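If you're wondering where the values come from, they're calculated on a predicted model, not measured in any experiment.
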Amino acid sequence: MPTTASNTSTSSFSASLFRRPTALLAAAPRPSWPLASAVTTAARRNLSCQVALATDVSSSSPDAIAEEEAEAAAKIGAKVRVKVPVKVYHVMKAPELDLCGLEGVIKQYVGVWKGKRISANLPFKVEFFISVAGQEKPVKFVVHLREDEFEYLPSSD
């Protein structure tokens, strides 16, 4: 059983490990802004929320957005052919499917949402049908594409 003298020396040794020397505490730098201690965390959070809510996300005028939406609406239903090699992996019946040369129909333009322009990298939803061996019906799937990845086919109307 240890003596009380060794317990005292052990506890003072462990306390000195976790305590800063008073010389270091006295030399701690003071904040350069005199009111830094007066600004609370809640006030900082409130300020950042006000700034985030006050910014305008839409950089385009409503007329330009309406014009873009009207142009895209005219393209919906158009027949297109993929002109660049694009591989998709989400079609379960045809894994690693190359779309180059396939013909499809534009179903939706997703570059404008609720009257605001969004940053859609692949804004056109194009629907394709492919025939798969062992299936009597063609497999339908949808792919998002950019406008430079397909070409418009003349309408048969």
Side-chain angles (χ1 to χ4, degrees), residues 14-15 17-21 24-25 27-157:
S14 64
L17 284 176
F18 300 109
R19 219 183 296 159
R20 284 186 164 170
L24 289 177
L25 291 175
R30 299 284 181 213
S32 60
W33 187 41
L35 298 177
S37 61
V39 178
T40 64
T41 306
R44 287 187 194 134
R45 189 178 308 125
N46 188 17
L47 177 65
S48 65
C49 289
Q50 288 175 356
V51 171
L53 293 175
T55 60
D56 183 22
V57 177
S58 178
S59 61
S60 300
S61 69
D63 295 334
I65 293 173
E67 182 180 324
E68 180 182 349
E69 213 169 2
E71 287 177 13
K75 295 176 183 177
I76 293 175
K79 291 183 108 184
V80 295
R81 179 185 301 126
V82 179
K83 64 180 182 178
V84 296
V86 177
K87 283 191 177 183
V88 293
Y89 299 91
H90 69 281
V91 183
M92 299 306 265
K93 304 285 183 178
E96 197 173 332
L97 177 65
D98 189 14
L99 299 179
C100 190
L102 283 180
E103 295 180 5
V105 177
I106 296 178
K107 287 296 180 183
Q108 187 180 7
Y109 177 74
V110 295
V112 177
W113 184 66
K114 290 188 176 180
K116 292 187 178 183
R117 181 176 288 137
I118 60 170
S119 61
N121 295 333
L122 307 169
F124 289 95
K125 285 174 79 172
V126 182
E127 183 181 60
F128 294 98
F129 290 96
I130 59 167
S131 58
V132 178
Q135 294 262 341
E136 34 185 81
K137 292 183 180 178
V139 176
K140 175 176 75 171
F141 61 97
V142 177
V143 177
H144 288 260
L145 296 173
R146 288 190 300 264
E147 193 166 11
D148 61 344
E149 293 177 331
F150 58 83
E151 59 189 1
Y152 293 97
L153 298 175
S155 63
S156 60
D157 291 337

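- For the pair Lys79/Tyr152, no side-chain contact is recorded, criterion being any heavy-atom separation below 4.5 Å from C-beta on.
- Ile106 places a side-chain heavy atom less than 4.5 Å from the side chain of Val126.
- Although no hydrogens or angles enter the test, the distance criterion places no donor-acceptor pair under 3.5 Å between the side chain of His144 and the main chain of Asn121.
- To the nearest 0.5 Å, atoms CD (Glu149) and CG (Leu122) are separated by 6.0 Å.
- Of all the heavy atoms in Arg146 and Pro123, the pair that sits closest is CA-CD, 4.2 Å.
- At a cut-off of 3.5 Å, with distance as the only test, no side-chain donor of Glu71 or Tyr109 sits close to an acceptor on the other residue.
- Phe141 is listed as a side-chain neighbour of Ile130, based on a closest heavy-atom distance under 4.5 Å.
- The side-chain heavy atoms of Glu103 and Leu153, taken from C-beta on, include a pair separated by under 4.5 Å.
- Residues Ala120 and Gly111 share a closest heavy-atom pair of CB-CA, 4.3 Å.
- The minimum heavy-atom distance linking Lys83 with Asp148 is given by the pair CE-O, 3.1 Å.
- Taking all atoms of both residues into account, the shortest heavy-atom contact from Val88 to Val91 is CG2-CG2, 4.3 Å.
- Scanning all heavy atoms of the two residues, the minimum distance from Lys116 to Ile65 falls at CA-CD1, 4.3 Å.
- No more than 12 heavy atoms of other residues, nucleotides or ligands sit less than 6.0 Å from atom NZ of Lys140.
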I would like to know whether Lys107 and Val142 meet side-chain contact (heavy atoms from CB on, under 4.5 Å); could you show each step before the answer? CA-CA 9 Å; Lys107 287 296 180 183; Val142 177; 5.7 Å; no
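- When side chains are defined from C-beta on, Leu97 does not count as touching Phe128, because their heavy atoms never get closer than 4.5 Å.
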